Amino acid sequence: MADDLREQVARWLASARPDATLLEMGSLDGGISATMRSLTFDADGDQTTWVVRQPSDWTNTNDPTSLGRQEALLRSLAEQSFPAPEAIYRDESGAHFDRPTMILSFIPGSPDLTFDHSAPLLAEHARVLALLHKLPVVDQLTDLPTESWFERYTEEHIPDDDVMKIGRLLKVLDQVETPAQANEDVLLHADLWPGNVIFSQGSLVGVVDWEEARRGDPLLDLSLCRLDLSWVFGYSAADRFTALYLEANPIDVSALAWWDVKIALRAAEMDKDWSDSYTALGRPDITFQHMKEVRTGFMEDAIALL
């Protein structure tokens, strides 16, 4: 499979950049929803690296317009000078690749999931989320989906789960009146875990993986980040992140506990692949068991606030 992809990339590069010579391809770790490879080529003595992104079979089947939507979004973000990859090429027809493929610019750097995640890095993470939510682009991106992750738990049979407690979460949500949305719809990344935030030399340089992007209440993104940060750096980091975000974007957070419960419900779908992503990024201590235990604590805190 890797040899086939290399041949496809080489043929595409020859047509797209006749002056370029493919030097190497490498793997990029940490993703679940797509396979990513780096491609490095030489053109007149200058080396450039791009990213080959190929969505999973599930995404191709259930969200066949994903790449087109991402391309439009990335072009809008580029117009706003937001730190995200540039969309270079999209192939959904099979003209060059045997499966839907997008070529993106490469952002030099890496996620920072170290044990001593510093306050400056946490502040940059919070500020970039606030910046995203302030962008005046959401009404231009008419193909963005709205939040609908949670419907499966009311439409399908509730699994027998002693750990994930889906039934309990649904009961809690059923007993609490759904809060009216107090914030305007914004562009949501909807997967801004630390693995999708790229740092270089202590500064945030990019946000990657826009497959889940949608429109909706900014509290969705904030709650997602809170749970993700709780897994990686602890509950106190999540609370500090919340305060830093609100300094940059003072939205209405009266429904934050309700959203935390909803995000705990969404996390009930996690499996071992989620923890494997942390292992690939140098944090083998974030095991599947650890994630389940932290999610339970996060859930209980949110329920208590409700």
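Both backbone and side-chain heavy atoms feed into the values below; hydrogens, waters and symmetry mates do not. Just so it is clear, the model here is predicted, and its values are computed rather than measured.
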Residues clustering with Leu23 (ILVMFWY side chains joined when closer than 4.5 Å, directly or via others): none
With ILVMFWY side chains joined below 4.5 Å, transitively, what does Leu305's cluster contain besides itself?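 Reading the cluster by chain and number, Leu305 sits alone, since nothing else belongs.
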Pairs involving [range], ordered by first then second residue, that meet salt bridge (charged side-chain N to carboxylate O under 4.0 Å, His left out) (sequence neighbours left out):
range            : value
residues 40-51   : none
residues 171-181 : none
residues 218-238 : Arg226-Asp239, Arg226-Asp260
residues 48-63   : Arg53-Asp209, Arg53-Glu211, Asp57-Arg99, Asp63-Arg69

Can a donor-acceptor pair be found between the side chains of Ser38 and Thr49 at a distance below 3.5 Å?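 Side chains of Ser38 and Thr49: no pair found under 3.5 Å.
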Gln54 versus Thr101, side-chain donor and acceptor atoms under 3.5 Å: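 A donor-acceptor contact under 3.5 Å links the two side chains.
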Under the side chain to side chain contact (heavy atoms under 4.5 Å, CB included) rule, what do His290 and Ser275 come out as? Steps first, then yes or no, please. CA-CA 9 Å; His290 166 81; Ser275 58; over 6 Å; no
Test side chain to side chain contact (heavy atoms under 4.5 Å, CB included) on Leu131 and Arg127; report intermediate values, then the result. CA-CA 6 Å; Leu131 175 62; Arg127 280 196 294 267; over 6 Å; no
Taking [Y] as the starting point, is it possible to reach [X] by hopping between hydrophobic residues whose side chains are less than 4.5 Å apart?
X      : Y      : answer
Ile107 : Leu132 : no
Leu219 : Leu246 : yes
Ile286 : Leu281 : yes
Leu67  : Leu104 : yes
Met102 : Val207 : yes

Under the 3.5 angstrom rule, does the side chain of [X] hit a backbone N or O of [Y] as a donor-acceptor pair?
X      : Y      : value
Asp91  : Phe97  : yes
Arg283 : Leu113 : yes
Ser105 : Glu86  : yes
Glu212 : Ala190 : no
Thr65  : Gly68  : no
Asn196 : Leu192 : no
Lys134 : Ala248 : yes

Determine whether [X] and [Y] make a side-chain contact, defined as any pair of heavy atoms from C-beta on separated by less than 4.5 Å.
X      : Y      : answer
Leu187 : Leu77  : yes
Met25  : Val9   : yes
Thr146 : Arg214 : no
Leu229 : Leu122 : yes
Asp112 : Pro194 : no
Leu227 : Arg266 : no
Leu220 : Leu188 : yes
Asp191 : Leu224 : no

For Trp50 together with Phe41, are the ring centres under 6.0 Å from each other? yes
Is the Trp210-His189 ring centre distance short of 6.0 angstrom?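 Distance test on ring centres: under 6.0 Å, yes.
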Under the side chain to side chain contact (heavy atoms under 4.5 Å, CB included) criterion, do Ser27 and Met36 qualify, and how do the steps go? CA-CA 6 Å; Ser27 62; Met36 292 175 291; over 6 Å; no
Going by the rule side chain to side chain contact (heavy atoms under 4.5 Å, CB included), which residues pair with Gln140 if we only count those two or more places apart in sequence or in a different chain?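 Checked Gln140 against side chain to side chain contact (heavy atoms under 4.5 Å, CB included); matches are Ser76, Val137.
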Working to the nearest 0.5 angstrom, can you tell me the gap between [X] [atom1] and [Y] [atom2]?
X      : Y      : atom1 : atom2 : value
Lys262 : Leu173 : NZ    : CG    : 6.0 Å
Trp193 : Ser277 : CH2   : OG    : 5.0 Å
Leu256 : Leu222 : CG    : CG    : 5.5 Å
Trp231 : Thr287 : CH2   : OG1   : 12.0 Å
Glu24  : Arg6   : CD    : CZ    : 8.5 Å
Glu7   : Asp98  : CD    : CG    : 11.0 Å

Ion pair Arg295/Glu300, N-O distance below 4.0 Å: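 Judged by the 4.0 Å cut-off on N to carboxylate O distance, Arg295 and Glu300 do not form a salt bridge.
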Residues forming a ring pair (Phe, Tyr, Trp, His ring centres under 6.0 Å) with [X], sequence neighbours excluded:
X      : answer
Phe199 : none
Phe106 : none
Tyr89  : Trp12, His96
Phe233 : His117

Between Asn183 and Asp217, does the side-chain hydrogen bond (donor to acceptor under 3.5 Å, both in side chains) criterion hold? Intermediate values first, please. CA-CA 6 Å; Asn183 302 299; Asp217 193 321; 3.3 Å; yes
Only one of Thr35, Asn62, Asn60 passes side-chain contact (heavy atoms from CB on, under 4.5 Å) with Pro55; say which it is.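 Answer after filtering Thr35, Asn62, Asn60: Asn60.
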Can you name the one residue among Asp301, Leu170, Leu169 that meets side-chain contact (heavy atoms from CB on, under 4.5 Å) with Val261?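 Per the side-chain contact (heavy atoms from CB on, under 4.5 Å) rule, the option paired with Val261 is Leu169, out of Asp301, Leu170, Leu169.
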Side-chain donor-acceptor pairs under 3.5 Å in residues 78-85, sequence neighbours left out?
none

Using the rule given for side-chain hydrogen bond (donor to acceptor under 3.5 Å, both in side chains), can you reason through Tyr245 versus His133, listing the C-alpha separation, both sets of side-chain angles and the distance that settles it, and then say yes or no? CA-CA 10 Å; Tyr245 170 88; His133 289 168; 2.6 Å; yes
The test is side chain to side chain contact (heavy atoms under 4.5 Å, CB included); show your working for Cys225 and Leu129 and say whether it passes. CA-CA 9 Å; Cys225 288; Leu129 181 64; 4.0 Å; yes
